[in-house]
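First the structure, in the form of structure tokens, and then the observations on it.
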Amino acid sequence: MNEFFGRLTLDALKHDPVQTGGALSIVLGGLFIAFLLFYFRLWGTLWRDWLTTLDPKKIGVMYITVLFVMLFKGVIDALMMRAQQVFSVGDMHGYLSSDHYQQIFTAHGTTMIFFVGMAAVFGLMNLVIPLQIGARDVAFPFLNALSFWLFAMGGALLMLSLVVGDFSPAGWSGYTPLTGIRYTPGVGVDYWIWSVQIAGVGSLFSGINFLVTILKMRAPGMTLMKMPIFIWSCLCTLILIVFAFPVLTTTLGMLALDRLMGMHFFTSDFGGNAMMYVNLFWAWGHPEVYILVLPAFGVFSEIVPVFSQKKLFGYVSMVWALIAITFLSFIVWLHHFFTMGAGPNVNAFFGIMTMLIAVPTGVKVFNWLFTMFRGKVLFQTPMLWFLGFAVTFSIGGMAGVLMSIPVVDFQVHNSLFLIAHFHSVIIGGVLFGFFSGFTYWFPKVTGFKLDEKPGRYAFYFWFVGFLLAFLPLYALGLMGATRRLDHYDASTGWLPLFTVAAVGAVLVGIGIGFQVLQIIKSIKERNQHRDTTGDPWNGRTLEWSTTSPPPVYHFAVVPEVHSRDAFWAAKHGGALYQKHVH
């Protein structure tokens, strides 16, 4: 028996009471899902129609399913951390051990960046790219399915760490030497390496697949400057993925060799250098921020014109802004470690580049606002998410420009000010962008619209909750509160601000509850929200020219494109595309 299980013993299942509760929830949740599949005899359907599918629309739905599961886990992690910071003051030490808190901290960042953000990117790409470019499939359908299952297996490894063994306590960025075998000898860092590594390889395969799809499978007549801005944003994202993810793959490979085979890439022994890890990680990590946010920019570039009932303002400048962001994102990575002794000349260069990247980003925001100017703006749920983004992302962007000044960064580095900035950009940009796109394209994928009322409540709770959860962190960061903080002295006076932040996190949780209610209610009342036209929003691009949901092959007749906003031009030129009839 020992030969079969190796070093795996029953000790790997021993946890403190809080960890045991999390592990039981995972196990019982899995058993409940298996029971439902047996009870309703859905195993055959699941296998034939989903687990073995090569249809990009179904693969997109599976990405989004993983996203919502991991988002639920990530928000629970955040609530647990906020609760610990409220109840761990002075003589009170909260309900989490320091080690467990650090595992939650690492798991939250890893979950949200790799398994929520990337799922949002590839979920929308699978659902929208082939339809928007007039293609009947992706370039490599089997590779697309393989990419998803690698991604899903990485997520499964992360979830497994809740039950068997522990997760990394070293932070989502995995800095050495803390992640070395000497300082963290358990299995936690290995779980982190392989969950991120496997999912990262899947993301790289997806990047190659969709890059070829956009470059080689566009409808006849769709030149690069006639592509929808969402496709441009995806093209720039895919270029970033193809260049950045091999850096992550090799970096994690070297870290694994350090841990498992006694090598010294990132240790101080035998010529290794821990700072090399930091350089390599952020050489991937900063492009990753734009890998996550550029598709959200593309979503808003589709939604703002439709709900302003105007064409997009400044198409060409939007394209060049995307190209500029793509280029500049590769030469700003060192602002993540201004404090680590690179020297004034290097810091000055990267500070200037960081300020410069704000210019094309600002161009995009102003173009969206000018698109709304003198338009007939429809304040429906997708547009509300854009307006929430405009506020939160602008706050985060201004804080980012402030931190691009090295002397400021020396004061707020590794503080909660940085955490507030990062979440303002990622939640305000990536998640709000995904929610906007999810609501917008939902009727195209399912054939019926989401109910507006619970969607509005979800937005309001998310928006107010977000502001309450993260604006106090700017103040706490300036007052000296650091990230990874699980206990502090009562004399600091930080408790009221941490309490406000915890209330904000609870409101965000209520917002997620309304989103779940919205989906359930919309499914139950789907006949009332049925889209019989294929074009429920009076859309402008090709995906709205086919039925909702689309047939497997998307288009009965491959459309020809003669202008930007091809479907809008066809509608108003009297040459509507022939739709497939089920």
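- Here the side chains of His108 and Met80 are not in contact, with every heavy-atom distance at 4.5 Å or above.
- One N or O on the side chain of Thr213 and one on the backbone of Ala139 form a donor-acceptor pair closer than 3.5 Å.
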May I have the step-by-step check of side-chain contact (heavy atoms from CB on, under 4.5 Å) for Arg82 and Val506, ending in yes or no? CA-CA 10 Å; Arg82 287 291 171 263; Val506 171; over 6 Å; no

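- Listed here is the closest heavy atom pair of Phe498 and Val86: O-CG2, 3.7 Å.
- One N or O on the side chain of Ser404 and one on the backbone of Val401 form a donor-acceptor pair closer than 3.5 Å.
- Listed by first and then second residue, the salt bridge (charged side-chain N to carboxylate O under 4.0 Å, His left out) pairs involving residues 187-208 are Asp190-Arg259 (not counting sequence neighbours).
- A donor-acceptor pair shorter than 3.5 Å can be found between the side chains of Asp486 and Ser98.
- Put simply, CZ on Phe466 and CD1 on Ile427 are 5.5 Å apart, with the number rounded to the nearest 0.5 Å.
- Gly437 approaches Leu124 most closely through the heavy-atom pair C-CD2, 4.5 Å.
- When ring centroids are compared, Phe266 and Tyr277 come within the 6.0 Å threshold.
- Contact annotation: the side chain of Val289 never approaches that of Ser329 to less than 4.5 Å [non-hydrogen atoms, C-beta and beyond].
- Separating the CZ atom in Phe386 from the CD1 atom in Ile303 is a distance of 10.0 Å, to the nearest 0.5 Å.
- Taking every heavy atom of both residues into account, Gly429 and Ala296 meet most closely at O-CB, 3.3 Å.
- The two residues Asn414 and Leu418 have their closest heavy-atom pair at N-CD2, 4.1 Å.
- With hydrogens and angles disregarded, a donor-acceptor distance shorter than 3.5 Å links the side chain of Ser161 to the backbone of Leu158.
- Rounded to the nearest 0.5 Å, atoms CH2 (Trp232) and CG (Leu294) are 12.5 Å apart.
- Within the 4.5 Å cutoff, the side chain of Leu211 has heavy atoms near those of the Ile239 side chain.
- At a threshold of 4.5 Å between non-hydrogen side-chain atoms, the residues Phe167 and Thr110 count as touching.
- By the 4.5 Å heavy-atom criterion applied to side chains, Val508 and Phe461 are not counted as neighbours.
- Atom-to-atom distance recorded for Ile395:CD1 and His423:NE2 is 15.0 Å, nearest 0.5 angstrom.
- Closest approach of Ile64 to Leu127, counting heavy atoms only: CD1-CD1, 3.5 Å.
- The ring of Phe151 has its center closer than 6.0 angstrom to the ring center of Phe115.
- Between atom CH2 of residue Trp462 and atom OG1 of residue Thr392 there is a gap of 10.5 Å, rounded to the nearest 0.5 Å.
- Looking only at distances, no side-chain donor or acceptor of Gln103 sits under 3.5 Å from a matching main-chain atom of Pro169.
- A donor-acceptor contact shorter than 3.5 Å links the side chain of Thr179 to the backbone of Gly174.
- Checked options Ile129, Asn209, Leu143; the residue passing with Val138 is Asn209 (criterion: side-chain contact (heavy atoms from CB on, under 4.5 Å)).
- Only one option out of Phe350, Phe338, Trp282 pairs with Trp333 in a ring-ring contact (aromatic ring centres under 6.0 Å, His included); it is Phe350.
- A donor-acceptor pair is defined here as one N or O able to donate and one able to accept, closer than 3.5 Å; such a pair exists between the side chain of Thr361 and the backbone of Ile357.
- A donor-acceptor pair shorter than 3.5 Å cannot be found between the side chains of Tyr101 and Ser88.
- A donor-acceptor contact shorter than 3.5 Å is absent between the side chain of Thr482 and the backbone of Leu485.
- Phe432 pairs in a ring-ring contact (aromatic ring centres under 6.0 Å, His included) with only one of the listed residues (Phe297, Phe300, Trp385, Phe389), which is Trp385.
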Start with the C-alpha distance between Val116 and Val66, add both sets of side-chain angles, then the distance that settles side-chain contact (heavy atoms from CB on, under 4.5 Å), and finish with yes or no. CA-CA 8 Å; Val116 174; Val66 172; over 6 Å; no

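- Counting heavy-atom neighbours within 6.0 Å of Trp50 CH2, excluding the residue itself, gives a total above 12.
- The distance from atom CD of Gln102 to atom CE of Met81, rounded to the nearest 0.5 Å, is 10.0 Å.
- In this structure, Tyr440 contributes its side chain and Met383 its backbone to no donor-acceptor pair below 3.5 Å.
- Applying the 6.0 Å contact sphere to CZ of Phe243 captures no more than 12 heavy atoms from other residues, nucleotides or ligands.
- Considering every non-hydrogen atom in both Asn126 and Pro56, the closest pair reads CB-O, 3.2 Å.
- Judged by distance alone, the side chain of Gln84 and the main-chain N or O of Leu96 form a donor-acceptor pair under 3.5 Å.
- Looking at Met70 and Met112, their side chains never come closer than 4.5 Å, going by heavy atoms from C-beta outward.
- Two rings, from Phe417 and His413, have their centers 6.0 Å or more apart.
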Please evaluate residues Ile241 and Leu238 with respect to the criterion side-chain contact (heavy atoms from CB on, under 4.5 Å), reporting the C-alpha separation (whole Å), side-chain torsions for both, the decisive distance (0.1 Å), and the verdict. CA-CA 5 Å; Ile241 288 172; Leu238 296 165; 4.3 Å; yes

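- Counting non-hydrogen atoms of neighbouring residues, nucleotides and ligands closer than 6.0 angstrom, the CZ atom of Arg484 exceeds 12 such neighbours.
- Under 3.5 Å, the side chains of Trp192 and Thr106 contain no donor-acceptor pair of N or O atoms.
- Heavy atoms of other residues, nucleotides or ligands lying less than 6.0 angstrom from CZ of Phe205 number 12 at most.
- Other residues, nucleotides and ligands contribute only 12 or fewer heavy atoms inside 6.0 Å of the CZ atom of Phe72.
- Side-chain contact between Phe245 and Val201 is absent, with no heavy-atom pair separated by less than 4.5 Å.
- Side chain to side chain, Trp284 and Thr251 fail the donor-acceptor criterion of an N or O pair below 3.5 Å.
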Determine whether Leu292 and Ile113 satisfy the following criterion, side-chain contact (heavy atoms from CB on, under 4.5 Å), listing intermediate values before the conclusion. CA-CA 8 Å; Leu292 296 177; Ile113 296 293; 4.2 Å; yes

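- Between His336 and Phe281, the closest side-chain pair of non-hydrogen atoms is not below 4.5 Å.
- Counted by atom type alone, Trp494 and Gln85 present zero donor-acceptor pairs between their side chains at under 3.5 Å.
- Residue Phe349 qualifies as enclosed at atom CZ: its count of foreign heavy atoms under 6.0 Å is above 12.
- For the side-chain contact (heavy atoms from CB on, under 4.5 Å) with Ser206, the lone residue among Phe140, Phe148, Tyr63 that qualifies is Tyr63.
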